[in-house]
Novice: 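First, the structure itself, so that you have it in front of you.
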Amino acid sequence: EVYQASTTAPVNIAVVKYWGKRDPKLNLPTNSSVSVTLSQADLRTHTTAACSSSFTEDTLLLNSSPQDVSGARTQACFRELRSLRAALESADPSLPKLSPLPLRIVSENNFPTAAGLASSAAGFAALVRAIANLYELPSSPTDLSRIARQGSGSACRSLFGGYVAWQMGSKADGSDSVAVEVAPASHWPTMRALILVVSAEKKGVSSTSGMQITVGTSELFQRRAEVVVPKHMELMTKAIQEKDFETFGKVTMMESNSFHATCLDTFPPIFYLNDVSRAAIRVVEDINRKAGKIVAAYTFDAGPNAVIYFEEQNLALVAGLLKGVLGNLDGWQGRDIEVQEATDV
Ligand code: DP6
């Protein structure tokens, strides 16, 4: 007999960035972060989890290619989920004994993997929820975020729709380092995002190793974690609650700049932005200058692709100017995306 369950998880793009671990093993961050969950149908990972006594070992296929499941992150997720299932099975002996059976995970995503489009976030969020569904665990999104975090930090935020905070927590065991909802997507229905795929190539320095070199070498990073991010967290949470785009946009851009400044202050330096990224920043500045206020905000993760946040009423202005200036550059694509509603567990 084969037991199976499927789910999908969306990509999220941080507006207050996670960069730095205080505990690399448990994936505990040096600062809290906030993200917006994107809705586009093809910016999701679809995952099916199955288990059966006829399988010989745990396996994971990503876009049809076999992945190593022996890594500490995948193992941590499997172990946590199995132990929750084992607890259910010992409380209710009538349940089928799924926890000891080998798992077969099949994942598909159709956006550029590791191009700075947060594929690991959607990937681990979908993996954790697919297994939780398979095991019929009564876990909340916040419970699952604690597990997904151990797969990839940013994954903990992809278990919610809308506006999501990952609270860094202070406990050594990570039990309070979880994601919570700041506001549902319906709270701010005019919010939109546009992704400029500057390059779909795999990024140079992975976020996992990049952030550890930053933690070890950048003094600017310390100030960011201790002073800048706490201030931005407060401003951003309030801006979302009040639907104050000017503050939302300003903090989003200053956060992205602060994060990339610490990358440059890392030794040896890490460069994620390229000439096209910088051209996109200048176009957004032009848009805001023309509008006389902040109506568009750029943000960049560990790669050159830009995500531009704006409100629906400014779509023509934002998309028109971006396409006019960047449209004829190689490899550019734009996508207009809504914020994702919460998805079911
Ligand atoms: C720049 O979540 O990919 O996108 O925990 O090592 O898997 P690991 O890192 P990851 O880092 C994401 C970094 C970022 C900012 C963010 O999403 O908050």
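Nothing here was measured: the structure is a model prediction, and the numbers come from that model. Just so you know, ligand 1 is whichever comes first in the structure, and atom 1 is the first atom listed for that ligand.
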Novice: Can you confirm, on distance only, whether ligand 1 has an N/O atom lying under 3.5 Å from any N/O atom belonging to Thr208?
Specialist: yes
Novice: Can a side-chain donor-acceptor contact be found between Thr37 and Asn12 if the only test is distance below 3.5 angstrom?
Specialist: no
Novice: May I ask you to check if ligand 1 and Ala14 share an N or O to N or O distance below 3.5 Å?
Specialist: no
Novice: Closer than 4.0 angstrom: is that true for some heavy atom of Arg149 and an atom of ligand 1?
Specialist: no
Novice: Any atoms of ligand 1 less than 4.0 Å from a non-hydrogen atom of Asn27? List them with their elements.
Specialist: 5 (O)
Novice: If you count the atoms of ligand 1 from 1 in the order shown, which ones are under 4.0 Å from a heavy atom of Ser120?
Specialist: 3 (O)
Novice: Between Ser52 (side chain only) and Glu1 (backbone N and O only), is there a donor and an acceptor less than 3.5 Å apart?
Specialist: yes
Novice: Taking only heavy atoms of Lys21 into account, list the atoms of ligand 1 that are under 4.0 Å away from them.
Specialist: 5 (O), 6 (O), 8 (P)
Novice: Verify whether one side chain among Asn288 and Lys293 offers a donor that lies under 3.5 Å from an acceptor in the other.
Specialist: no
Novice: Taking heavy atoms and a distance under 4.0 Å, where does Ser154 meet ligand 1: side chain, backbone, both or neither?
Specialist: both
Novice: Between the side chains of Lys21 and Thr208, does any donor sit under 3.5 Å from an acceptor?
Specialist: no
Novice: How about Ser177 and Lys171: do any of their side-chain heavy atoms sit closer than 4.5 Å?
Specialist: no
Novice: Please list all pairs meeting ring pair (Phe, Tyr, Trp, His ring centres under 6.0 Å) that have one or both residues in residues 231-253, counting only residues at least two apart or in different chains.
Specialist: Trp188-Phe248, Phe245-Phe248, Phe248-Tyr309
Novice: Is Ser207 touching ligand 1 with its side chain, its backbone, both, or neither, if touching means heavy atoms under 4.0 Å apart?
Specialist: side chain
Novice: Would you mind listing which atoms of ligand 1 come within a distance below 4.0 Å of any non-hydrogen atom of Phe259?
Specialist: 1 (C)
Novice: Under 6.0 Å from the CZ atom of Phe267, do we count more than 12 heavy atoms belonging to anything else shown?
Specialist: no
Novice: When the ring planes of Tyr272 and His260 are compared, do they come out parallel, tilted or perpendicular, using 30° and 60° as the limits?
Specialist: perpendicular
Novice: State whether the number of non-hydrogen atoms from other residues, nucleotides or ligands found under 6.0 Å of Lys97 atom NZ is greater than 12.
Specialist: yes
Novice: The criterion is side chain to side chain donor-acceptor pair (under 3.5 Å); which residues satisfy it with Lys250, sequence neighbours excluded?
Specialist: none
Novice: In ligand 1, which numbered atoms sit nearer than 4.0 Å to a non-hydrogen atom of Arg73?
Specialist: 6 (O), 7 (O), 8 (P)
Novice: Quick one: which ligand 1 atoms are inside 4.0 Å of a heavy atom on Gly153?
Specialist: 2 (O), 5 (O), 7 (O), 8 (P)
Novice: Can you check whether Asn12 has an N/O within less than 3.5 Å of an N/O in ligand 1?
Specialist: no
Novice: Check this for me - ligand 1, Tyr18, N or O atoms closer than 3.5 angstrom, yes or no?
Specialist: yes
Novice: Do any heavy atoms of Phe124 fall under 4.0 Å from ligand 1?
Specialist: no
Novice: Where the closest heavy atom to atom 11 (O) of ligand 1 is concerned, which of Met211, Gln150, Lys17 has it?
Specialist: Met211
